[in-house]
Amino acid sequence: MEMEKNKKRLVLILVNHEVVIYNFRLELVERLLTDGFEVHISSPYGERLEELKSFGAVCHDIVIDRHGMNPKNEIHIFTEYWKLMKCIRPDVVLTYTIKPNIYGGIAARIANIPYVVTITGLGTAFNRGWMKKLFVLFLYRIALHRAQKVFFQNEENKNLMAANHAVSCLYEVLPGSGVNLRTHCYEPYPEDRDEMIFITAGRIMKDKGIDELLEAARIVKKHYPKVKFWLVGFFDEDYEIRIQAAVKEGFIEYVGQQKDIHRWIKTAHAVIHPSHHEGMSNVLLEAAAAGRPVIASDISGCREAFDEKISGLAFQVKNSMDLVRAVEEFIRMPYEQKIVMGKEGRRKMEREFDRRIVVAKYMEEIEKIHKTEKFKYEKG
C-alpha cells in the first residue's frame with residue numbers, strides 16, 4: 001500500500017478565537033503553506049480569518065462559548081470537530097486553548113488522527129472551585145492520552161498536569177508562543193517627561209487583573225496626576241460600564257481593541273500586566289521585544305518573561321496595593337535605568353523567546369508524524 005504521491009499533507013488547526021491564530025501562530029501558518037501543506041483553521045468567525053484566507057488557508061467557522069459549560073453547547077463543539085475531521089481527513093491536528101484541546105483532542109483520538117496539543121494556560125476552571133477543576137482534569141486525561149505530543153508554556157502548568165496524571169504522553173515546555181522579533185522590533189525609549197504612560201493590553205476580564213488595575217490606577221493618579229494609564233483590548237466579561245466610569249473619572253484612558261498593538265506599546269514607558277494566571281504572557285514578550293520594561297504579576301507565565309529589577313518588576317498577584325508599590329517604584333527610577341531595563345528585556349527575547357524556535361518545534365513534530373505514518377503505509 002503506497003501513500004498518494006501528489007496529495008498535499010493537510011494540517012488542521014483548532015483555536016477558540018481568531019487572535020490565537022493570527023497574532024501568535026501566523027508564522028507557523030506561513031511556514032506550513034510555504035512548505036506545501038494544505039492548512040485548515042477552525043475558529044469562531046472574525047475579520048482576521050479573511051486575511052488568513054488570502055494567504056491560502058481554508059477557514060471553518062465553528063462557534064465556541066469560551067467560558068460557558070452548557071452541556072448542549074459542549075457536545076455541539078465536539079460534534080462539529082468530529083464532522084470536520086471526518087470530512088477533510090487531516091494528516092495532523094494542532095489544538096490550542098482549553099476547549100479545542102479537550103474536544104478536538106477527543107475527536108482526533110476517536111478518529112485515529114495524530115494530534116499535537118498546546119496548553120496555553122489552565123484557565124479559570126482551575127481557579128473557580130475544586131469540582132470544576134476535577135471535571136476538567138478528567139476530560140484532559142481522556143483528550144491527551146493518545147496525543148503525539150503535549151506542549152506546555154510554563155513549568156508550573158506542566159508539573160500540575162503531570163502530578164494529576166492528566167498527561168501520560170510525551171510532553172515538553174516551549175518558550176510560550178515566542179515573539180516575532182521583526183514585527184516587534186526594538187523601539188527608542190520615549191522622552192523623559194512627567195506624562196509617563198503605562199499600557200495594559202489584553203482581554204478585559206476579572207482573571208486578567210482588571211479590578212486590581214483600576215484600583216491601583218486610581219491611587220497612583222492621586223500622587224502622580226500627570227501619569228497616564230491606557231487600556232487596550234476587548235470586553236470578555238461585563239466590564240464596559242465600569243471602564244466607562246473610570247474613563248469619566250479620569251484615571252483610565254480606554255482605546256479599545258487595536259490590530260497593531262506594537263504601535264501602542266512603543267509610545268509607553270512601561271507595560272503593566274496584572275493577570276491572575278497565564279500560560280505565557282504574549283503581551284509581556286511583545287513589550288520586552290520592543291524595549292519596554294514590564295510590571296507584572298509574580299506568577300508562572302509572567303515571571304519567565306523578565307528578570308526582576310533587570311528588565312521588569314514583579315508584584316503580588318491580586319494585590320492592588322503591591323501593584324501601586326511597583327508602579328511608583330518604577331516612576332521614581334532614573335530615566336537612564338528605565339532605558340537599560342528596556343534594552344535588557346530585548347536581549348532576553350533574542351536569547352530565549354524568538355518565535356522561530358517555537359515554529360521549528362512544531363515543524364519537527366509534524367515531520368515525525370509524517371515519517372511514522374509513511375512507515376505504517378509502507379509496512380501495510
Can you tell me which residue among N282, V20, T120 is in a side chain to side chain contact (heavy atoms under 4.5 Å, CB included) with S177? N282

Can you see which heavy atom on T95 is nearest to which on G105, and at what distance? CG2-N, 4.4 Å

Tell me yes or no: between the side chains of H370 and D91, is some donor less than 3.5 Å from an acceptor? no

State which residues pass salt bridge (charged side-chain N to carboxylate O under 4.0 Å, His left out) with D192; sequence neighbours excluded, sorted by chain then number. none

Whether the side chain of Y189 engages the backbone of H269 through a donor-acceptor N/O pair (distance < 3.5 Å, no angle test) should be reported. yes

Kindly determine whether E253 and V247 satisfy side-chain contact (heavy atoms from CB on, under 4.5 Å), including the steps that lead there. CA-CA 6 Å; E253 296 182 32; V247 171; 6.0 Å; no

State whether the side chain of R109 and the backbone N or O of H145 hold a donor-acceptor pair below 3.5 Å, judged by distance alone. no

I'd like to know if the side chain of T118 pairs up with that of Y362 as donor and acceptor (distance under 3.5 Å, no hydrogens or angles considered). yes

Between R347 and E344, does a salt bridge (charged side-chain N to carboxylate O under 4.0 Å, His left out) hold up when you go through it step by step? CA-CA 5 Å; R347 292 190 187 103; E344 288 298 326; 2.8 Å; yes

Measuring from M280:CE to C302:SG, what's the distance to the nearest 0.5 Å? 8.5 Å

Measure up the F152 and Y171 rings against each other and bin them: parallel (under 30°), tilted (30 to 60°), perpendicular (over 60°). perpendicular

Ring of F306, cation from K348 - is the NZ or CZ under 6.0 Å from the centre and inside 45° of the axis? no

Side-chain contact, heavy-atom cut-off 4.5 Å: Q244 with K248? no

